[in-house]
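Below is one structure, written out as structure tokens; comments come after it.
Note that the structure is predicted; figures quoted are calculated from it, not measured. Numbered from 1 within each chain, the chains take letters A, B, ... in sequence-line order.
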Amino acid sequence: MKYSKSIDKKWQKFWEDTGLFKVDEKKRDKQKYYSLVMFPYPSSELHVGHARNYIIGDAVARYKIMQGFYVLSPMGWDAFGLPAENQAIKKGIPPKEWTFRNISRITEQLKSWGIGYDWNREIATCHPDYYRWTQWIFLKLYQKGLAYKSKAAVNFCPSCQTVLANEQVIQGKCERCSTEVVQKNLSQWFFKITDYAQRLLEDINLLEEWPERVKTMQKNWIGRSEGVEIDFSVDNSDIKIRCFTTRVDTIFGATFLAMSCEHSLVKDLIKDAGNKQQITEFIDRVNNQPKSARLLEGFEKEGMFTGKYAVNPMTKEKIPIWICNYVLTEYGTGAIMCVPAHDKRDWEFAKKYNIPIKTVIARPGRENEVKDAVFEEEGILVNSGNFSGLLSGEAKNKIAEYMEKNNIGKRKTNYRLRDWLISRQRYWGVPIPVVYCSKCGIVPVKEEDLPVLLPENVEFRPVGQSPLADVEEFVNTTCPKCGGKARREIDTMDTFVDSSWYFLRYISPRDKNRIFNSDDVNYWLPVDQYIGGVEHAILHLMYARFFNKFLYDLGLINFKEPFKRLFTQGMIVKDGAKMSKSKGNVVAPDYIIENYGVDTMRLYILFIGPPDKDAEWNDEGLRGAYRFINRVLRLISMVKNIDSQDVPPEYSYNKDEKRLLSKTHSVIKEVSYDLEGNFQFNTAISSIMELVNEMYKFVQNPQIEIHSAVLTEAAETVLRLLAPFTPHISEEAWQELGHKESIFLSGWPKYNLEFIKQDTIEIAVIINGKVRRHLKIEAGWPQEKVEEAVLADSKVKAYLQGKPFKKVIYVPGKLINIVL
RNA sequence: GCGGAAGUGGCGGAAUGGCAGACGCGUUAGGUUCAGGACCUAAUAGGAACAAUCCUGUGUGGGUUCAAAUCCCACCUUCCGCACCA
């Protein structure tokens with residue numbers, strides 16, 4: 001028997017006909033397992049890099065099915081988005097048509113790879129039955145005050161002609177097209193994710209089975225920092241400037257104040273300044289600098305003195321107020337107190353503009369040392385009035401207390417996380433369900449009027465506004481409140497909104513009356529295993545957690561976190577680069593399947609390396625997988641011809657049988673361990689290879705007497721262990737061996753420790769840390785007996801030369817170490 | 001700068017503190033074959049001997065230990081994420 005593609009189709013049909021992956025939520029006699037792979041954006045057809053994702057997910061689902069779990073494995077489409085619209089503009093294909101064309105092609109691909117899903121639960125976020133509930137969530141957020149419209153400086157991509165979320169701006173550039181992002185003051189919709197900042201941070205602790213690196217990225221992104229907000233009064237003025245600092249212990253060293261150019265108080269401050277003209281010019285210049293320039297190394301700190309002074313509330317000294325290009329508007333209060341002696345940036349600035357530098361923190365034990373350098377660490381306070389002599393940590397508390405008592409400042413926790421900007425000036429997305437009424441203002445659409453349908457026949461023009469603006473029937477509506485004339489919101493939602501809750505809709509995909517059935521959702525969720533690319537570590541995973549918590553607060557679900565276990569797989573690269581059409585290094589699966597069969601591709605992709613690491617594609621490696629599969633099939637053909645009989649009750653196994661039994665069972669143990677841990681498919685497969693190699697030795701040597709039952713058990717074990725990885729050939733060979741039922745119903749093999757144990761074992765004899773001999777001993781021997789045998793060995797004697805030894809360490813079954 | 005991951009043969013990569021290099025690719029030799037391919041068997045870290053053996057080896061330098069790729073300290077390099085966050 002040789003592996004050919006005809007095997008693939010046969011079994012794919014079989015699984016479909018027998019409903020291996022169909023799940024009926026009413027049958028609940030088994031333990032559930034929800035296996036979820038991040039749903040794809042249907043843009044182009046999939047290559048082997050994408051395939052890794054789905055193959056891993058499928059291997060997990062099939063493994064869990066074999067273990068007897070009741071496995072839910074659904075698939076759907078993240079179907080709204082910019083590429084569809086860009087295609088429409090470029091080629092005139094309606095986004096919907098383009099999207100569904102891609103969906104059917106990818107579906108065909110996934111099916112041809114033998115990836116098992118419950119296709120009855122398929123969803124697409126662009127379908128009104130789905131986005132109706134996305135809009136519903138929007139309304140709920142709006143009701144709770146968590147969706148709001150606000151004018152703010154936002155990131156705008158001139159190429160995509162839309163605003164972007166903070167998270168979608170990478171190094172000052174658009175995540176999608178790398179165009180320089182500009183700042184615009186626009187009125188936009190936001191979700192108040194910052195209300196959940198603390199919970200999103202705290203509950204990371206509940207995510208025990210998430211990769212550490214993803215958790216760290218989320219923590220950093222939320223960016224909690226504790227400090228004090230201090231009100232600085234301005235000399236000869238009523239104005240107070242609020243600053244945030246995490247280093248209130250350095251306040252006695254604050255020698256100037258710095259404000260960002262966009263700070264709302266700047267106008268008032270410079271009202272009667274002599275150099276007002278100059279300052280305004282400076283502000284304009286800074287505001288026109290591209291954001292990415294700020295990030296460049298050596299970006300020069302610049303500023304203008306406002307002519308005004310603030311009062312340091314602790315020293316009562318007058319300190320100059322500056323406007324600076326290095327103060328962020330968006331973080332904290334947009335104004336900071338500057339301590340040049342203990343902050344590198346302030347130091348740089350003070351040196352440049354000759355602002356006094358005052359040391360107030362010293363390294364403990366070196367309080368009197370004077371150094372012309374920044375000291376950013378914590379230490380002991382000096383020159384700090386009553387607080388001198390305290391350590392930074394203690395001083396922070398004491399000073400904060402003092403400030404609170406005297407109404408100077410207040411403790412404050414700040415987060416780096418910003419509210420989520422969700423409106424997009426694009427067409428192919430979920431319409432935001434609100435209307436603008438000249439009388440009532442912003443009015444949400446009534447729940448019963450959902451969905452607000454996205455019009456389909458629209459004209460595409462690449463302008464800074466959604467084509468929806470021109471669709472009169474859409475835009476003109478009536479106010480749900482007063483019944484008067486009103487206009488619909490023409491912005492659509494960020495597609496990350498769509499994907500923030502899709503894993504819940506899989507449970508009740510066709511429910512017309514509610515977002516989902518809470519009972520069913522509480523049964524299936526949280527997702528037991530979530531699999532996807534690490535590129536979603538911040539965006540998608542943070543938003544999904546936020547939505548989950550919101551729905552939890554609504555009482556719709558009873559779990560705080562949606563994904564119990566997360567696995568982020570690595571990329572498959574070719575010639576050291578990510579596969580992409582433009583680079584021309586895409587490995588297409590079709591050719592592989594045609595020539596080597598699907599299981600070859602599946603096996604190779606799982607064997608290519610640790611699944612969480614990037615891996616380099618290698619055609620020779622693929623051929624190795626093909627070789628192995630055929631090696632297995634040949635082995636099965638040989639075993640098949642042996643007339644298999646049961647082992648008699650009192651049968652005593654011979655030496656060879658014991659050896660094969662031991663190998664068989666220890667491989668079961670290893671593979672099971674590898675799959676339970678962090679999905680070590682590569683080592684799991686290598687263990688199975690070892691068993692196959694071992695079996696070849698038995699089958700090919702006519703000298704060896706071996707009971708057919710032992711050989712059959714080994715062969716069946718190989719197939720069952722391989723089944724999650726290479727399901728097609730496993731089913732085929734399983735049938736060859738005379739089984740009528742699917743291999744996936746045969747259960748996961750169990751190992752017996754009694755068989756793994758061997759009578760004679762080989763131990764290493766180590767003399768002074770060097771391996772000198774390998775000796776066979778009986779497994780049950782006590783240390784004395786082993787020592788005796790080792791010391792009696794002539795080679796060992798030669799090494800020892802009768803010298804006395806200090807110590808003997810015996811590690812049972814492994815080694816004996818003699819120290820001279 | 002902060003945070004994370006990693007550094008092992010020609011290559012991908014294995015090793016609960018216990019025999020470094022499993023398994024695979026590649027390479028070499030032999031078998032089989034009309035031939036090629038495919039397949040089977042064996043060898044394959046480096047060096048000296050070319051046999052049985054010995055020496056050196058997991059980024060660098062120290063340390064702990066009977067025993068370190070693994071633990072500790074210092075450093076180097078690479079990749080990834082965040083980055084003027086006060």
Quick one: is [X] getting a side-chain N or O under 4.0 Å of the [N] phosphate, OP1 or OP2?
| X | N | answer |
| --- | --- | --- |
| R631(A) | C40(B) | yes |
| K807(A) | C66(B) | yes |
| R627(A) | G24(B) | no |
| Q700(A) | U41(B) | yes |

>> In dot-bracket form, 5' to 3', how is RNA chain B paired? Count Watson-Crick and G-U wobble pairs only if both distances fall under 3.5 Å, and write | where the partner sits on another strand.
In response: (((((((..(((.....[....)))((((((.......))))))((((....))))..(((((..]....))))))))))))....
Please enumerate all protein N or O atoms sitting under 3.5 Å from an N or O of nucleotides 4-12 of chain B, with distances to 0.1 Å.
from	atom 1	to	atom 2	distance (Å)
G12(B)	O2'	I608(A)	O	2.8

>> Can you classify the ring geometry of W322(A) versus Y353(A) as parallel (below 30°), tilted (30 to 60°) or perpendicular (above 60°)?
In response: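 Judged by the thresholds at 30° and 60°, the geometry between W322(A) and Y353(A) is tilted.
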> For the residue pair Y326(A) and F349(A), does the interplanar ring angle fall in the parallel (under 30°), tilted (30 to 60°) or perpendicular (over 60°) class?
Replying inline: tilted
> Which residues pass the side-chain hydrogen bond (donor to acceptor under 3.5 Å, both in side chains) test with T255(A), sequence neighbours left out?
Replying inline: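 For T255(A) there are no side-chain hydrogen bond (donor to acceptor under 3.5 Å, both in side chains) partners, ignoring immediate neighbours.
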>> So if I take residues 680-692 of chain A and measure heavy-atom distances to RNA chain B, which residues fall below 4.0 Å?
In response: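 Heavy-atom contacts with RNA chain B come from N682(A), T683(A), S686(A), M689(A), E690(A).
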Atom [atom1], compared across [N] and [M]: separation rounded to whole Å:
| N | M | atom1 | answer |
| --- | --- | --- | --- |
| G63(B) | G57(B) | P | 15 Å |
| U53(B) | G4(B) | C1' | 47 Å |
| A74(B) | C82(B) | C1' | 27 Å |
| C19(B) | G26(B) | C1' | 26 Å |
| A68(B) | G18(B) | C1' | 10 Å |
| G62(B) | A69(B) | P | 15 Å |
| G13(B) | A20(B) | C1' | 13 Å |

>> Counting primed atoms plus P, OP1 and OP2 as sugar-phosphate and everything else as base, spell out the protein contacts along nucleotides 42-53 of chain B at 4.0 Å heavy-atom distance: B, S or - for each nucleotide, 5' to 3'.
In response: -----------S
Rounded interatomic separation in angstrom, taking [atom1] from [X] and [atom2] from [N]:
| X | N | atom1 | atom2 | result |
| --- | --- | --- | --- | --- |
| Y626(A) | G24(B) | OH | P | 18 Å |
| L622(A) | C25(B) | CG | P | 12 Å |
| I767(A) | C19(B) | CD1 | P | 16 Å |
| L775(A) | G18(B) | CG | C1' | 17 Å |
| I766(A) | A68(B) | CD1 | C1' | 13 Å |
| F679(A) | G13(B) | CZ | P | 20 Å |
| K301(A) | A86(B) | NZ | P | 14 Å |
| M217(A) | A83(B) | CE | P | 11 Å |

> Mind telling me whether G9(B) is syn or anti, cutoff 90° either side of 0?
Replying inline: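 Syn, since the glycosidic angle lies within 90° of 0.
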Distance-only criterion, 3.5 Å: show the donor-acceptor pairs between side-chain atoms of residues 611-621 of chain A and protein atoms not counting sequence neighbours.
from	atom 1	to	atom 2	distance (Å)
D614(A)	OD1	M571(A)	N	2.7
E616(A)	OE1	G576(A)	N	3.0
E616(A)	OE2	D575(A)	N	2.8
W617(A)	NE1	D619(A)	OD1	2.9
N618(A)	OD1	E620(A)	N	2.9
E620(A)	OE1	R623(A)	NH1	3.3
E620(A)	OE2	R623(A)	NH1	2.9

> Which of these, E694(A), Q758(A), E690(A), sits in a side-chain hydrogen bond (donor to acceptor under 3.5 Å, both in side chains) with K663(A)?
Replying inline: E690(A)
> Per the side-chain contact (heavy atoms from CB on, under 4.5 Å) rule, which among V327(A), I321(A), T329(A), I336(A) passes with M259(A)?
Replying inline: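 One option only clears the test, and that one is I321(A).
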Candidates [options] - which lies nearest the side chain of [X]:
| X | options | value |
| --- | --- | --- |
| K814(A) | G26(B), G81(B), U16(B) | U16(B) |
| R634(A) | A14(B), G3(B), C40(B) | C40(B) |
| L328(A) | U56(B), G18(B), A86(B) | A86(B) |
| N693(A) | G24(B), U41(B), A86(B) | G24(B) |
| I809(A) | G81(B), G18(B), A86(B) | G18(B) |
| N817(A) | G26(B), G18(B), C55(B) | G18(B) |

> Which is true for G223(A) with a 4.0 Å heavy-atom rule: it touches a base, it touches only sugar-phosphate, or it touches nothing?
Replying inline: nothing
> At under 4.0 Å between heavy atoms, what does V819(A) touch on the DNA or RNA strands: base, sugar-phosphate, or nothing?
Replying inline: sugar-phosphate
> Just wondering, are more than 12 heavy atoms of other shown residues or ligands nearer than 6.0 Å to NZ in K215(A)?
Replying inline: yes
